[in-house]
Amino acid sequence: MARESGDTGTDKSASKVKKQRKKKTKENKTRTVHANILYDNAKGEENPNRHYANNKIKTTKYTVLSFLPKNLFEQFHRFANVYFVFIALLNFVPVVNAFQPELALAPVVFILSVTAIKDLWEDYRRHRSDKEINHMDCLVYSRAVRRYVEKYWKEVRVGDFIKLRCNEILPADVLLLSSSDPDRLCHIETATLDGETNLKQRQVVRSFFELDCDFDPLKYNSIIECEKPNNDLNRFRGYMSFLYALYKENLLLRGCTIRNTEEAVGVVIYAGHETKAMLNNNGPRYKRSKLERQMNVDVFWCVIILLVMCLFAAVGHGLWMFQYGDKRPVFDVLSPEGTDLSPIMSAIYLFLTLIIVFQVLIPISLFVSIEIVKICQVYFIHQDMDLYDEETDSHLQCRALNITEDLGQMQYIFSDKTGTLTENKMVFRRCTVAGVEYSHDANARRLAMYQEIDSEEEECTSHGGTLPRRDSCTSLSCCPFPLHCLLFTDNKLSSVLQEKDITPDPQLLDKVNECSSQMDFMRFHNQPMSQLPSDLSDIIDFFIALTICNTVVVSSPNQPRQKVRMRFELKSPVKTIEDFIKRFTPSRLTSGSNNSSSSSLITNRSSNKGCSSMLSSPSAESTLTKLEEEQSPGGLDHAFSPAPPCYDGKAWTVDEGELRYEAESPDEAALVYAARAYKCSLVGRLPDQVTVELPHLGKLNFELLHTLGFDSTRKRMSVVVRHPLTDQITVYTKGADSVIMDLIKPPDTGNSKGKHQKKIVYRTQNYLNLYAADGLRTLCIAKKVLTKEEYACWLQRHLQAETSIQGREQLLFESALRLETNLQLLGATGIEDRLQDGVPETIASLRKAGLQIWVLTGDKQETAVNIAYACKLLDPEEEILTLNADSQEACALLLEESLHYIQIYPSSTPSSSSFSHTAPFMVHRLGLVIDGRTLAYALDKSLEDRFLAVARSCRSVLCCRSTPLQKSMVVKLVRNKLKVMTLAIGDGANDVSMIQVADVGVGISGQEGMQAVMASDFALPRFRYLQKLLLVHGHWCYSRLANMILYFFYKNAMFVALIFWYQFYCGFSGSAMIDQWYLIFFNLMFSAFPQLITGTLDKDVSAETLQHLPQLYVNGQNSEEYKPYMFWMNMIDAFYQSLICFFIPYFAYADSDVDLFTWGTPITTLALFTILLHLGIETKTWTWMNWLSITFSIALFFTVALCYNASCPTCYSPSNPYWTMQRLLQDPLFYLLCVITPFAALLPRYFYRACQGTLFPSPVRVGRQFDKLPAETRRNILSLSRVKVGSPLSPKPPFLSLTNLCEDL
């Protein structure tokens, strides 16, 4: 019994431990929030919210006490700083010290101090910003005074109730509990989070939806359990009192702005650094550039050279000491104990001493100089007005400060299509409904006229910036829109007009009017709508789907931020299936009102499996019987009424009271404007209803039951509504034709209706192919009518998916798939997405620059191919390899056949020869087109090498129907396998993963928000600006930094070698003939400024020439400015110049009575002159700042030397530097040396550069010669270079080498 009781006790304790573990696991995954007012009088440790972060933000890294140790710790993460501090500390050891210990610390202290001051200033700016934000005011409820009181943001805590007013910024992540809006909505602007300026709707938590009076915090007794803080802006899950689910539509995020809502009340869920906005605030990205990686290798070689020099001198010193044997030299230095040192110990000590003396060989100031130059380069790129877009009032943004030189070394560009190459401003062009195509010819003529006017305006602007003459416009008076529309010169306004002003097709408009008239007649006579002919029924359903199957927010005419209120009387929302049953009882049906149960409008395009949700609990089986009960004859009177209670009888027209639509995507807005052109207008949207105005029928109120949002996996969105005219539950679906056509219910060919439906599907597919061939974006529209039994069955499983805790997203995704089956095809639309200005020219230039361009798009294959031809990605003369496979085996077979075909294909054309410099393979004049399904097979491990072999051999690659994941996989495959520099450019959230994987990510600040920009290294307003960013600024940045780094290595090695040669004359004792002040400050002060100016401002070729001759970009792709041999050539040159600068003064002062410093100071002066003149030879562009910096350096040296030599009579006896420079300036020999020595030292380099520029010039050097020609001559050469050599028009000018260059390039 005892054992049994013991076992029982053990089991109980084990179960208790398991429960505690489960509870702890649950606590780790969720957060429980209580109202703080319940614990006002309690002690701090009794408040359950005490462990959560407060709302005070602190983005600073340092405090007053932690600044010095923390900043030093961060700086010591850089190995070079650790090295120089070690050398400086080593100098404090008496046996091996070479300089005054305090003086040896000066350079490293200076470098650390400059960096520390920079970090301190940046941190102080962050501190000021934090202080300003933390001291902003907000209204927080106080139980003591029973009202809302003003508090600072930093005083807000999790669990506080906050009152928010219109145009206020949210201080924390707040759960919305109350709103002054009668629809219990709150509109917010999220521009600070994602850059999107269109309004987002947020709704009150469902349990507070029916609150009739103002929210009273004292009556609040709920407990909130939600997920832990995370950085996902598009997700929020939780429960309130374990009854009501919470979604992202209930959460207001910190940093957003309240709009269109007078007051709102909420409870703080996340505060301070736990808010989603702060968790997403990662700051600029840090990447290591390719040039920096190459430089680190050469720094390593400098260390090797340093060690070799020290070892050589140490061995020489040991041998020199050994030859004295037991007789010690009179100048020998004893050990600290006063005993003699053995030759071996002397060599070891000397090795350490020489490391101190030769430390300058490792450029201590190089890293700081590179940071300064990069900051200056970014500044000048920002100041380039050619990269400013006036239409969007935006300019280039640089978010990664340390990879500017990588812009000059790109080899592959991966681009999105929609919004990147195109405007992403959708214009409705054509449609097909019920198998009949409506070409909208008048609309096409109107759009062509807009484009003609735009081109005329551009031409007039380029010829003086004046408006077109009035008589040129009057000839267009027959156009179907007012004449004043032709006089707009604002491109943005013209673009808006193209989107809104749609000329309807007369035939389709007549059918819409006919259908509406018949429906109005049938409604008046209470006839069933099923009697309506199917073709007319499809037409009205088509336009209803265009109007309501979206998430467009309606705004008033003159107040785009003011929501239109068109609410009819609604009942309480559906919470359970029991409520659903009651909604269909006769008493409910007679009211004719329309309600909704939608709560989750997940429409973010970046979500993978985002579906909408509906708040409800499990249902009852009695639904099926009650749904069959009789309906009242007058049940639909209110819904049919053309003039509801809040309607004033006036019709909404385009000219009078025009509404504005704010859509999350341009194609949604284009379709809504198209429907409005046919008088099917969206006039109001609420979470539970959509108000539509139809011709003859007036305003109809559709009860919005569910919104199944668009996602990149399903590639469609659906809305479930209760149709006010038929009282049927209808599903309207809009999506990509590739998925919708597969979901169409197979027609029954046994009857005429089925045959007709099959014919509609066949014709629609043909029209879709035609639309795609014309480069239009295609969408299919379909519907499905649910019986009440089918809806009840789906609803039950959908509610189970919503209330599940584990795998909710997947279950909701599967629920949407179950609903979107057996659809009835209504029609399809063709929307035009115009190319951005300058895209074809930009792609042509980039291709001439040797860049491989791949386009990765989610569009239909035919559409993508057509756009690729329009933007000159694909050439009509190219042969296209199309890979479409249904299985992995078929994909493997296609790849093998393609590889075989490429092997026997004719050799590369001259157009691709420029790229052959950067790749060891032949690029053929072929284009590769591959669809998403085949790409998925090709990216498999077993096939990726073959796919890459095919793709790299093609001139152009176009990947269609690509998912965001596939885009990133393609970029990663090319980057890792081919070891090339990659750039990815896109504008939407679906491009973020691709942008982050590439070496350089570029975001387009376009129509799809700022997600791509926030994830990028550089942001551009337009694709065409990529040309100048890469070909000009990228080339300059790479050339400047590469030459500056090589110059640093040369300069330091040349100066150190002077001391090394002296070791042969001082018994390798580590002595120096140069004063230690000069040794310490030579690189830090006297020779530092000119190279910074050159590294910032030097231009080897002008911007105009770089854009006219894009082939010069290959210079950076091949790393022509920084080859490994160039480092060694500079080292050899440095040692040669040091020999000249050492031995010419040596022989000049031989057998004289000058002291050591009188001989060493001229050597220092000559080294300075030689180094500065060397920089002059390497400088391509001379400005007044170059002359000033060189003059300043020389003046600074002589000023310091004169002051130092005059103020130091007994500094370092017996070699006294006193009055040394003063005596030298009186010696003619000194001036002679200053002329002869630099000339002799620099003669080989000057001769090499002269021969290089004359006998075997590089393309860049020829480009510099081209810059020196007169402008007219340059234009003639560029035009003549297009004529084939040997033709009758072949030029024979004296500048033949330049012409040949242009021909070769």
Side-chain angles (χ1 to χ4, degrees), residues 136-141 147-148 150 153 156 160-194 196-217 220 233 236 246-269 275-277 551-567 570 573 596 598-601 603 646 659-664 683-691 704:
M136 293 177 68
D137 293 329
C138 63
L139 292 176
V140 181
Y141 188 82
R147 62 183 176 85
Y148 292 92
E150 283 194 355
W153 277 23
V156 174
D160 282 347
F161 291 101
I162 294 181
K163 177 177 284 189
L164 307 163
R165 293 164 294 189
C166 189
N167 297 326
E168 278 190 348
I169 300 175
L170 284 152
D173 291 351
V174 176
L175 189 69
L176 185 60
L177 301 179
S178 174
S179 173
S180 60
D181 188 284
D183 308 319
R184 297 295 185 263
L185 292 178
C186 179
H187 286 74
I188 60 173
E189 186 180 276
T190 61
T192 55
L193 294 181
D194 55 19
E196 298 181 9
T197 56
N198 55 295
L199 299 184
K200 308 289 195 310
Q201 287 184 351
R202 294 295 181 262
Q203 57 191 33
V204 170
V205 174
R206 188 61 66 181
S207 59
F208 294 88
F209 197 85
E210 302 176 18
L211 204 63
D212 296 328
C213 58
D214 292 339
F215 175 79
D216 186 1
Y220 177 89
L233 298 174
F236 176 70
L246 306 175
Y247 300 93
K248 76 180 183 73
E249 284 71 31
N250 308 128
L251 190 67
L252 308 177
L253 299 182
R254 176 191 175 105
C256 297
T257 305
I258 302 293
R259 303 289 190 197
N260 296 354
T261 309
E262 294 179 5
E263 288 185 351
V265 176
V267 61
V268 176
I269 302 296
T275 58
K276 292 181 180 291
T551 57
V552 173
V553 177
V554 185
S555 298
S556 296
N558 299 320
Q559 300 175 0
R561 285 290 181 260
Q562 182 61 41
K563 184 189 62 173
V564 177
R565 303 191 184 279
M566 294 290 297
R567 187 175 182 86
L570 295 177
S596 167
S598 172
S599 69
S600 179
L601 306 175
T603 59
C646 61
L659 297 177
R660 296 189 181 184
Y661 301 127
E662 297 190 43
E664 293 189 7
V683 295
R685 177 180 294 278
L686 298 171
D688 52 6
Q689 69 176 16
V690 180
T691 305
L704 186 59

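A heavy-atom distance below 4.5 Å is found between the side chains of Val554 and Tyr661. Looking at heavy atoms from C-beta onward, Phe236 lies in side-chain contact with Leu246 at the 4.5 angstrom threshold.
Note on Arg165 versus Glu262: no salt bridge recorded, every NZ/NE/NH1/NH2 to OD/OE distance being 4.0 Å or above. Under 4.0 Å is where a charged nitrogen must lie from a carboxylate oxygen, and between Glu189 and Arg259 at least one such pair does.
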Exercise for the section: Go through Tyr148 and Val265 one step at a time and tell me if the side-chain contact (heavy atoms from CB on, under 4.5 Å) criterion holds. Expected result: CA-CA 10 Å; Tyr148 292 92; Val265 176; 3.3 Å; yes
Practice task
Please assess Arg202 against Asn250 for the test side chain to side chain donor-acceptor pair (under 3.5 Å), listing each intermediate value before the final yes or no.
Solution key: CA-CA 6 Å; Arg202 294 295 181 262; Asn250 308 128; over 6 Å; no
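Phe215 and Phe161 have their aromatic ring centers within a separation under 6.0 angstrom.
Of all the heavy atoms in Phe208 and Leu177, the pair that sits closest is CB-O, 3.3 Å. Across Val268 and Ala172, no two heavy atoms sit closer than the pair CG1-CB, 3.8 Å. Listed here is the closest heavy atom pair of Leu185 and Ser179: O-OG, 2.5 Å. Taking both residues in full, the closest heavy atoms of Pro171 and Ile162 are given as CG-CD1, 3.9 Å, listed atom of the first, atom of the second, then distance. Of all heavy-atom pairs between Leu704 and Arg685, the closest is CD2-NH1, 4.3 Å. Across all non-hydrogen atoms, the minimal contact from Ile169 to Trp153 is O-CZ2, 3.4 Å.
Note that the SG atom of Cys166 and the CD1 atom of Ile258 stand 8.0 Å from one another [nearest 0.5 Å]. The structure places NZ of Lys276 at 11.0 Å from CD1 of Ile269, a figure rounded to the nearest 0.5 Å. Atom CG in Leu251 sits 9.0 Å away from atom CG in Leu170 (nearest 0.5 Å). A distance of 9.5 Å separates CG in Leu176 from CD1 in Ile188, rounded to the nearest 0.5 Å. The CG atom of Leu164 sits 9.5 Å away from the OG1 atom of Thr261 when rounded to the nearest 0.5 Å. Of the inter-residue distances, the one linking Glu168 atom CD with Cys256 atom SG reads 14.0 Å to the nearest 0.5 angstrom.
Judged by distance alone, with hydrogens and angles left aside, the side-chain atoms of Asp173 form a donor-acceptor pair with the main-chain N or O of Arg254 at under 3.5 Å. With Thr691 contributing its side chain and Val683 its backbone, the two residues share no donor-acceptor pair below 3.5 Å.
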